[in-house]
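Proteins get letters first, then strands, A, B, ... in listed order; numbering begins at 1 in each.
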Amino acid sequence: MADEQLTDQRAGRPVLVAVAWPYASGSRHLGHLAGAYLPADVFARHQRLVGNRVLMVSGSDVHGTPITVRADAEGVTPRELADRYHVEFVADWERLGISWDLYTSTGTDNHAAVTHDIFLKLLSKGHIDRRSSEQYFDGEAGRFLPDRYIEGTCPHCDYAEARGDQCEDCGRTLDPEELLDPRSKITGSSPELRTTEHFYLRLSDFSDELAAWLETREGWRLHVLNFSKGWVEEGLHDRAITRDLDWGVELPVDDLGPGKRIYVWFEAVIGYLSASMEWAQLNGQPEAWRDWWEGDDARSVYFIGKDNIPFHTIIWPGMLLGYGGLNLPTDVPANQYVTFKGGKASASRGVGLTIGAGLEMFQADALRYALAASLPEQSDTDLSVEEIGRRINDELVATWGNLVNRVLSMVHRTCDGAVPAAGGRAPEDLALLEAVDAALVTAGSQIHRVELRAALRTGMGAAAAVNAYLNATEPWKLAKVDPERANVVLGTALAAVVGVRVALAPYLPFSTSTLDDVLGPVDSWERRELSPGSPIGKPTPLFAKVDLDVLLSDQVDG
RNA sequence: GGCGACGUAGCUCAGCUGGUGAGAGCGCUCGACUCAUAAUCGAGAGGUCGACAGUUCGAAUCUGUCCGUCGCUACCA
């Protein structure tokens with residue numbers, strides 16, 4: 001076990017941190033942040049500190065029917081709508097400190113080119129073929145309708161506003177042709193069935209390979225593995241990978257005539273690869289992406305929400321198998337959902353907070369802490385403004401923020417405003433430092449296993465140990481009777497704080513770098529002794545407590 | 001309907017392949033301390049581990065049924 005981790009964490013290993021592509025159809029909320037972006041960032045930051053070569057990529061998913069429909073409703077073009085949210089996302093990431101190596105979008109020429117390459121290769125190898133089917137066509141809007149944009153009467157329960165994919169009243173799954181009195185949700189007109197031809201990905205070609213591959217996965221979360229195996233066992237369906245749309249990546253062949261595009265779910269996952277290539281090009285080493293996609297020692301970890309599991313554990317791996325020569329995911333630590341007071345977070349339904357709203361209420365690091373402490377790694381997690389505020393005030397500020405302020409204040413005042421020499425430490429002093437070092441080892445292996453909540457708790461436990469050490473040694477008393485001992489104790493506490501800061505650095509990038517001037521930058525996953533004599537000025541608190549009464553009353557207004 | 005999962009202290013959650021008296025954080029009570037953002041430290045109270053029935057020497061942990069909650073069901077991505 002220990003040996004395995006040593007080799008896994010060997011410095012310089014390529015680690016692809018692949019993060020779900022946010023859909024540029026509306027603001028993202030805290031559930032998305034906790035589900036994918038924050039855990040990915042914590043993981044990536046730790047991997048960099050360990051010395052691995054991290055490539056963390058994602059981008060805005062700018063295609064898909066919902067974007068075209070919403071754009072129509074607002075009287076703008078799909079590109080304008082997608083651009084608007086892309087800009088918002090980029091600003092969110094900046095404010096949150098999400099440390100992308102490249103954050104791009106699926107709207108680039110590069111992405112289209114890579115998508116074409118994969119499409120053509122799968123086509124030439126016979127994993128893509130053409131089939132025709134009957135689809136509802138809205139003559140007034142002049143386009144084919146996705147199932148969910150057809151309304152009608154449910155044949156089972158007579159509910160008048162059942163959708164083409166499912167009746168919301170009786171919950172049954174439907175085919176659009178089953179609806180009585182079908183209507184277009186876009187224009188309200190009666191759609192007609194027309195024959196349309198599409199390309200299909202022969203996912204069934206990979207059933208055996210995928211089943212065998214899933215059997216070899218170790219360390220995967222149980223819910224991810226069960227869900228994925230279940231999909232394969234039920235039998236894989238071949239899927240249409242083109243749509244009757246005029247918004248999306250164009251086909252590299254013209255067999256089907258105009259008005260066809262590659263559908264989002266096929267091309268969006270290709271973004272991981274195309275973004276890696278774009279990153280390599282931007283860095284002047286166009287072939288560098290291969291280290292992450294072809295190397296035997298490369299790891300790839302995909303951070304997604306559970307709604308995306310089949311795309312990353314079945315479909316994308318199937319596409320990669322068909323293409324050949326590229327690495328399949330090492331791990332897909334999909335998170336469950338964050339609920340808000342019991343309801344599924346949904347920006348469109350107004351449940352929960354958007355990332356922007358969260359950042360209005362809380363400091364970025366404080367928000368990162370509260371979410372990281374509540375990540376839905378095993379099961380759904382329930383959040384609220386009160387819960388976030390409690391995490392910040394009673395945990396982050398009280399334990400860690402206060403500790404930093406406490407120690408720096410005493411060192412500043414008691415030790416002549418400089419780092420004391422490290423010599424003369426007693427067994428109890430060394431025991432504290434050993435505990436902090438052990439916490440770094442423990443937290444490191446927890447993060448490596450993507451147990452980010454546990455690792456954060458480990459770090460906070462180390463902070464609590466420093467507080468306990470101070471209460472036991474009482475340096476404020478020693479300063480009056482035994483200044484020499486006081487210096488040793490405060491020097492030890494300061495050294496311990498330096499170590500705890502490393503453990504928390506992946507979670508709290510902003511407040512960590514705030515201390516760079518005093519404690520030096522965090523550039524490796526280890527505790528380093530400060531140079532004796534370095535100046536320690538009068539500190540200012542890292543975090544402010546939040547006033548829940550004010551926040552909650554503001555929220556009511558909003 | 002089918003599939004997957006969840007229901008453990010007031011709150012938010014951990015508890016691999018069954019076995020020392022059931023855990024953590026926060027909250028609460030009491031005590032200590034006063035260097036620190038009324039922060040910290042220690043001690044303690046608090047749970048028939050959703051219900052019922054099985055398997056077993058022994059189950060929160062396995063099986064079945066039921067109740068409750070949720071997600072997915074392949075054209076939301």
Could you tell me whether the phosphate oxygens of [N], OP1 or OP2, come under 4.0 Å of any side-chain nitrogen or oxygen in [X]?
X	N	result
A:Lys229	B:C3	no
A:Asn405	B:U37	yes
A:Asn393	B:U37	no
A:Arg453	B:U12	no
A:Arg239	B:C75	yes
A:Ser379	B:C70	no

Q.
Need to verify one output field. Residue with the more 5' nearest nucleotide on RNA chain B, A:Phe227 or A:Pro310?
A. A:Phe227
(Q) Return whichever of A:Ser133 or A:Ala464 has its heavy-atom-nearest nucleotide of RNA chain B closer to the 5' end. (A) A:Ala464
Considering every strand shown, what is the Watson-Crick or G-U wobble mate of [N] when both distances are under 3.5 Å?
N	result
B:C49	none
B:A24	B:U12
B:A74	none
B:C35	none
B:A43	B:U29
B:G68	B:C6
B:C62	B:G54
B:U17	none

When all nucleic acid strands are considered with a 4.0 Å heavy-atom cut-off, which category describes [X]: base, sugar-phosphate, or nothing?
X	value
A:Phe311	base
A:Ala544	nothing
A:His237	base
A:Ile309	nothing
A:Pro146	base
A:Gly389	nothing
A:Trp21	nothing
A:Gln336	nothing
A:Val397	base

Rounding to an integer number of Å, can you tell me how far [X] [atom1] sits from [N] [atom2]?
X	N	atom1	atom2	result
A:Asp382	B:G10	CG	P	17 Å
A:Glu386	B:G10	CD	C1'	15 Å
A:Glu474	B:U40	CD	P	17 Å
A:Trp476	B:C41	CH2	P	11 Å
A:Glu451	B:C13	CD	P	18 Å
A:Asp147	B:U73	CG	P	12 Å
A:Leu383	B:C11	CG	P	16 Å
A:Asn471	B:U34	CG	C1'	10 Å

**Q.** A:His86 ring center within less than 6.0 Å of A:Tyr103 ring center
**A.** yes
Please give the distance between the [atom1] atoms of [N] and [M] as a whole number of Å.
N	M	atom1	answer
B:G4	B:C26	P	38 Å
B:G31	B:U17	C1'	44 Å
B:G15	B:C49	C1'	10 Å
B:U55	B:U65	C1'	15 Å
B:C72	B:A59	C1'	30 Å

Where the side chain of [X] meets the backbone of [Y], is there a donor-acceptor pair that is under 3.5 Å apart?
X	Y	value
A:Asp61	A:Pro22	no
A:Asp238	A:Ser204	yes
A:Glu74	A:Leu81	no

The side chain of [X] lies closest to which of these nucleotides: [options]?
X	options	result
A:Thr399	B:U40, B:G71, B:A14	B:U40
A:Glu234	B:G71, B:U34, B:A74	B:A74
A:Thr381	B:C75, B:C13, B:C26	B:C13
A:Lys545	B:A39, B:A14, B:C35	B:A39
A:Asn226	B:C13, B:C75, B:G4	B:G4

Q: Kindly assign one of parallel, tilted or perpendicular to the pair A:Phe89 and A:Tyr85, based on the angle between their ring planes and the thresholds 30° and 60°.
A: tilted
Q) Minimum heavy-atom separation for A:Ala275 to A:Thr104, with atom names? A) CB-CG2, 3.8 Å
Q. What are the two closest non-hydrogen atoms of A:Glu428 and A:Tyr469, and how far apart are they?
A. O-CE1, 4.0 Å
State whether the distance check finds a donor on one side and an acceptor on the other, under 3.5 Å, for side chain [X] versus base [N].
X	N	value
A:Arg390	B:C26	no
A:Gln135	B:C75	yes
A:Asn402	B:U37	no

**Q.** A:Arg28 bridged to A:Glu88 by N-O distance under 4.0 Å
**A.** no
(Q) Contact between A:Ile309 and A:His223 at the side-chain level, heavy atoms closer than 4.5 Å - yes or no? (A) yes
